[in-house]
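Note that the coordinates shown come from a computational prediction; the quantities given were computed from them, not determined experimentally. Both backbone and side-chain heavy atoms feed into the values below; hydrogens, waters and symmetry mates do not.
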Amino acid sequence: MTSDVNPVSQQPPLRQAQTALTEQRIIAAATDLFLTDGYVATTLEAVAKRAQVGARTVYVRFGTKAALFKRVVDVAIVGDTQPVDVLGRDWVQAALTAPTVAERIAAHAAADRQIMARTGALFAVAQQAAAVEPLIAGFWQQGREQSRHAHDVFWTRMADDGLLDPGVDLDWLIDTSSILAAAETYLLVTRMLGWDLDAYQEWLATTGIRFATRAGGPTVPGPAPPPG
């Protein structure tokens, strides 16, 4: 899922407020239904009924169930419907501007924890939906790309600010940390290891520190010596 889809409205202020309130009701209703009934069983009509709005309102605003689900996930990622993407949020800016490596990594791990606290259960629904809905599969891939971009910004800023060893393999660092913080990884460690959010955050922070101090990239063995 993407994280930069809260558009700035051109409507008059009163109309904006009414539209925002209606959208919030629809998103809250849709979130409840997607989590309790799953993606396949949830219908736009059921969402409209739960939100106490006309079905036409939901269709006009979102068009398709896939588009509504995407919006639900995107809002959960950032925490509200304001037109500010993940990188512009205060809790991510702290990870980009803190004075030390330890503080940046701790803030980054806290940001990842915050996202998973709001969105982890929805990611589980999305993972299942992606197997049967091509649009959701496409949104899932967009989310991977957005996540990698965020890690690119984080580690590149760290390098530009002189907080990483100049010899660091930045591409390896970005790729590896992107995999560790991926939604699939969160779902795996919670299901396989039974981790809670505290354990997940501590793991990200500890691993991030190790990466920052030893991120030379993978060790590739040299050629075997010739037979004697």
Side-chain angles (χ1 to χ4, degrees), residues 1-6 31 73-124 126-127 140 142-219:
M1 303 295 163
T2 56
S3 53
D4 55 352
V5 293
N6 290 343
T31 301
V73 174
D74 289 337
V75 168
I77 288 172
V78 295
D80 56 48
T81 59
Q82 296 302 308
V84 181
D85 67 11
V86 166
L87 292 175
R89 299 282 165 164
D90 290 345
W91 37 276
V92 173
Q93 284 297 307
L96 297 175
T97 59
T100 68
V101 171
E103 288 173 296
R104 290 197 188 190
I105 290 174
H108 195 270
D112 285 336
R113 178 217 174 101
Q114 185 178 152
I115 290 172
M116 293 305 173
R118 289 191 299 264
T119 321
L122 285 168
F123 283 147
Q127 192 176 50
W140 187 266
Q142 289 176 21
R144 292 189 185 107
E145 294 166 2
Q146 287 282 339
S147 178
R148 189 190 184 284
H149 172 68
H151 282 83
D152 190 338
V153 171
F154 174 74
W155 290 108
T156 300
R157 180 78 63 86
M158 188 106 76
D160 290 346
D161 290 345
L163 297 176
L164 296 178
D165 188 297
V168 67
D169 185 338
L170 199 57
D171 286 337
W172 178 87
L173 186 54
I174 293 165
D175 288 341
T176 306
S177 64
S178 297
I179 293 170
L180 286 175
E184 295 97 326
T185 305
Y186 172 77
L187 294 174
L188 179 64
V189 298
T190 54
R191 291 167 178 169
M192 184 173 75
L193 304 177
W195 286 2
D196 60 13
L197 286 165
D198 289 339
Y200 175 71
Q201 180 179 350
E202 182 178 358
W203 176 64
L204 289 179
T206 301
T207 307
I209 288 291
R210 291 176 180 174
F211 280 172
T213 55
R214 310 179 206 169
T219 301

**Request:** Would you indicate whether E145, at its atom CD, is surrounded by more than 12 heavy atoms from other residues, nucleotides or ligands within a distance under 6.0 Å?
**Result:** yes
**Item:** All side chain to side chain contact (heavy atoms under 4.5 Å, CB included) counterparts of A110, not counting sequence neighbours
**Value:** Q201
**Asked** With sequence neighbours excluded, what pairs up with A94 under the side chain to side chain contact (heavy atoms under 4.5 Å, CB included) test?
**Response** A107
**Request:** Using the side-chain hydrogen bond (donor to acceptor under 3.5 Å, both in side chains) rule, take W140 and E184 through it: C-alpha gap first, then chi angles, then the decisive distance, then the call.
**Result:** CA-CA 10 Å; W140 187 266; E184 295 97 326; 2.9 Å; yes
**Fill in**
OG1 of T100 to CG of D161, rounded to nearest 0.5 Å, is 12.0 Å
**Prompt:** Taking atom OG1 of T97 and atom CZ of R104, what is their separation to the nearest 0.5 Å?
**Reply:** 6.5 Å
**Item:** Nearest-0.5 Å distance that lies between atom CG in D171 and atom CH2 in W155
**Value:** 13.5 Å
**Prompt:** What pairs with L188 under side chain to side chain contact (heavy atoms under 4.5 Å, CB included), at least two apart in sequence or on another chain?
**Reply:** M192
**Request:** Could you give me the CA-CA distance, side-chain angles and deciding distance for L164 and L173, then say whether side-chain contact (heavy atoms from CB on, under 4.5 Å) is met?
**Result:** CA-CA 11 Å; L164 296 178; L173 186 54; 4.0 Å; yes
**Message:** Applying side-chain contact (heavy atoms from CB on, under 4.5 Å) to L204 and R113, what does each step give before you reach the verdict?
**Reply:** CA-CA 9 Å; L204 289 179; R113 178 217 174 101; over 6 Å; no
**Item:** Over 12 non-hydrogen atoms of neighbours within 6.0 angstrom of CG in D90
**Value:** no
**Item:** Pair W172 and F211, ring centroids less than 6.0 Å apart
**Value:** yes
**Request:** Name all residues meeting the side chain to side chain donor-acceptor pair (under 3.5 Å) criterion together with R118; count only those two or more places apart in sequence or in a different chain, and write none if there are none.
**Result:** Q114
**Request:** Taking all non-hydrogen atoms of both residues into account, name the closest pair between Y186 and G120 and its distance.
**Result:** CE2-CA, 3.8 Å
**Prompt:** ring pair (Phe, Tyr, Trp, His ring centres under 6.0 Å): which pairs involve residues 93-122, sequence neighbours left out?
**Reply:** H108-H151, H108-F154
**Message:** Filter on ring pair (Phe, Tyr, Trp, His ring centres under 6.0 Å), then keep only pairs touching residues 76-96, sequence neighbours left out; what's left?
**Reply:** none
**Item:** Verdict with supporting geometry, D112 and M116, side-chain contact (heavy atoms from CB on, under 4.5 Å)
**Value:** CA-CA 6 Å; D112 285 336; M116 293 305 173; 5.6 Å; no
